[in-house]
Amino acid sequence: MALVLDNLYYTKTHEWIKVENDIGIVGITDFAQKELQDIVYFGIEESIVGKELKAGDKFGYVEAVKTAADLYLPVSGEIIEINKELIANPVIANQDPYGQGWILKIKIKDKEELKNLLNSEDYKKHIGEA
């Protein structure tokens, strides 16, 4: 059973976002890391920092031993930081997807977009664990 935290928002494409004031911290869910299994690479350009992207925009991809998946932004805003530790050591996403395994931080442009995301109960239903 995948771990789904109550204080986060989720996308149907298995990203999560934690909101702290106007900053969103984005990662992939425990369900996603379990489906991917052994994560070996995050394909995210450093030049993305400082760019303003929209909700649903692809911002990179994740590769695992058996498959790969695109990564999509949960909300619109300016990318302010990439987790360089995760880029250097992608297995962190398997070990701690909601903590040290965060992918990027975004300055949220419009918090109203959070209403378009799933809460923990809706996400559990989405992955068939409710």
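Along the sequence shown, the residues carry numbers beginning at 1.
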Student: Judged by modelled atom types alone, do S76 and E52 share a side-chain donor-acceptor pair under 3.5 Å?
Tutor: no
Student: For L3, is there any backbone N or O sitting under 3.5 Å from a side-chain donor or acceptor partner on Y98?
Tutor: yes
Student: Kindly compute the distance separating CG (L8) from CD1 (I25), expressed to the nearest 0.5 Å.
Tutor: 9.5 Å
Student: Are any of the side-chain nitrogens in E20 or K18 under 4.0 Å away from the carboxylate oxygens of its partner?
Tutor: yes
Student: Hey, could you give me the CZ/OH distance between F31 and Y10, rounded to the nearest 0.5 Å?
Tutor: 13.0 Å
Student: Is it the case that the side chain of N83 and the backbone of W102 share a donor-acceptor pair, with hydrogens and angles ignored and the cut-off at 3.5 Å?
Tutor: yes
Student: Considering non-hydrogen atoms only, spot the tightest contact between I80 and V49 and give its length.
Tutor: O-CG1, 3.7 Å
Student: Nearest 0.5 Å, please: how far is CD1 in I79 from CG in L104?
Tutor: 4.5 Å
Student: Could you walk me through whether Y61 and I44 pass the side-chain contact (heavy atoms from CB on, under 4.5 Å) test, one step at a time?
Tutor: CA-CA 7 Å; Y61 62 94; I44 302 170; over 6 Å; no
Student: Please check if atom CG in N21 has more than 12 non-hydrogen atoms from other residues, nucleotides or ligands closer than 6.0 Å.
Tutor: no
Student: Over all heavy atoms of both residues, which pair between I28 and W16 is shortest? Give the atoms and the distance, please.
Tutor: O-NE1, 2.9 Å
Student: Quick check: are there more than 12 heavy atoms from other residues, nucleotides or ligands sitting under 6.0 Å from NZ of K12?
Tutor: no
Student: Do T11 and L117 make a side-chain contact, defined as non-hydrogen atoms from C-beta onward lying under 4.5 Å apart?
Tutor: yes
Student: Can you name the nearest heavy-atom pair linking A2 to E129, along with the distance?
Tutor: N-OE1, 2.9 Å
Student: Would you name the heavy atoms of L36 and A64 that are closest together and state the gap between them?
Tutor: O-CB, 3.2 Å
Student: Going only through I, L, V, M, F, W and Y residues with side-chain contacts under 4.5 Å, is there a path from L118 to L5?
Tutor: yes
Student: Return each pair, listed once, that meets side chain to side chain donor-acceptor pair (under 3.5 Å) where at least one residue sits in residues 23-36; pairs must be two or more places apart or across chains.
Tutor: T29-Y123, D30-Q33, D30-K34, Q33-N94
Student: Contact between L114 and V19 at the side-chain level, heavy atoms closer than 4.5 Å - yes or no?
Tutor: yes
Student: So do V40 and P90 actually touch side chain to side chain, heavy atoms under 4.5 Å?
Tutor: no
Student: For the atom pair OH (Y9) and CG (D122), what is the distance rounded to the nearest 0.5 Å?
Tutor: 12.0 Å
Student: Indicate yes or no: at least one non-hydrogen side-chain atom of V65 is less than 4.5 angstrom from one of Q37.
Tutor: no
Student: Establish whether I127 and L71 are linked, either directly or via other cluster members, by ILVMFWY side-chain heavy-atom contacts under 4.5 Å.
Tutor: no
Student: Quick one: does F59's side chain get under 4.5 Å of I48's, heavy atoms only?
Tutor: yes
Student: With a 4.0 Å cut-off, would you call K109 and D22 a salt bridge?
Tutor: no
Student: Do side-chain atoms of N89 reach the backbone of L86 as a donor and acceptor pair under 3.5 angstrom?
Tutor: no
Student: Using a 4.5 Å cut-off on heavy atoms from C-beta on, say whether the side chain of I106 contacts that of L73.
Tutor: yes
Student: Are Q100 and E85 side-chain neighbours, meaning at least one heavy-atom pair lies under 4.5 Å?
Tutor: yes
Student: Which pair of non-hydrogen atoms, one from Q95 and one from P97, has the smallest distance, and what is that distance?
Tutor: C-CD, 3.8 Å
Student: Give the minimum heavy-atom separation between E121 and A130, together with the two atoms involved.
Tutor: O-CB, 4.4 Å
Student: Can you tell me how far CD of E78 sits from CG of L53, rounded to the nearest 0.5 angstrom?
Tutor: 9.5 Å
Student: Can you confirm whether K107 is buried at NZ, in the sense that more than 12 heavy atoms of other residues, nucleotides or ligands lie under 6.0 Å from that atom?
Tutor: no
Student: Just so I know, are the side chains of Y72 and D70 near enough to count as touching, which here means a heavy-atom distance under 4.5 Å?
Tutor: yes
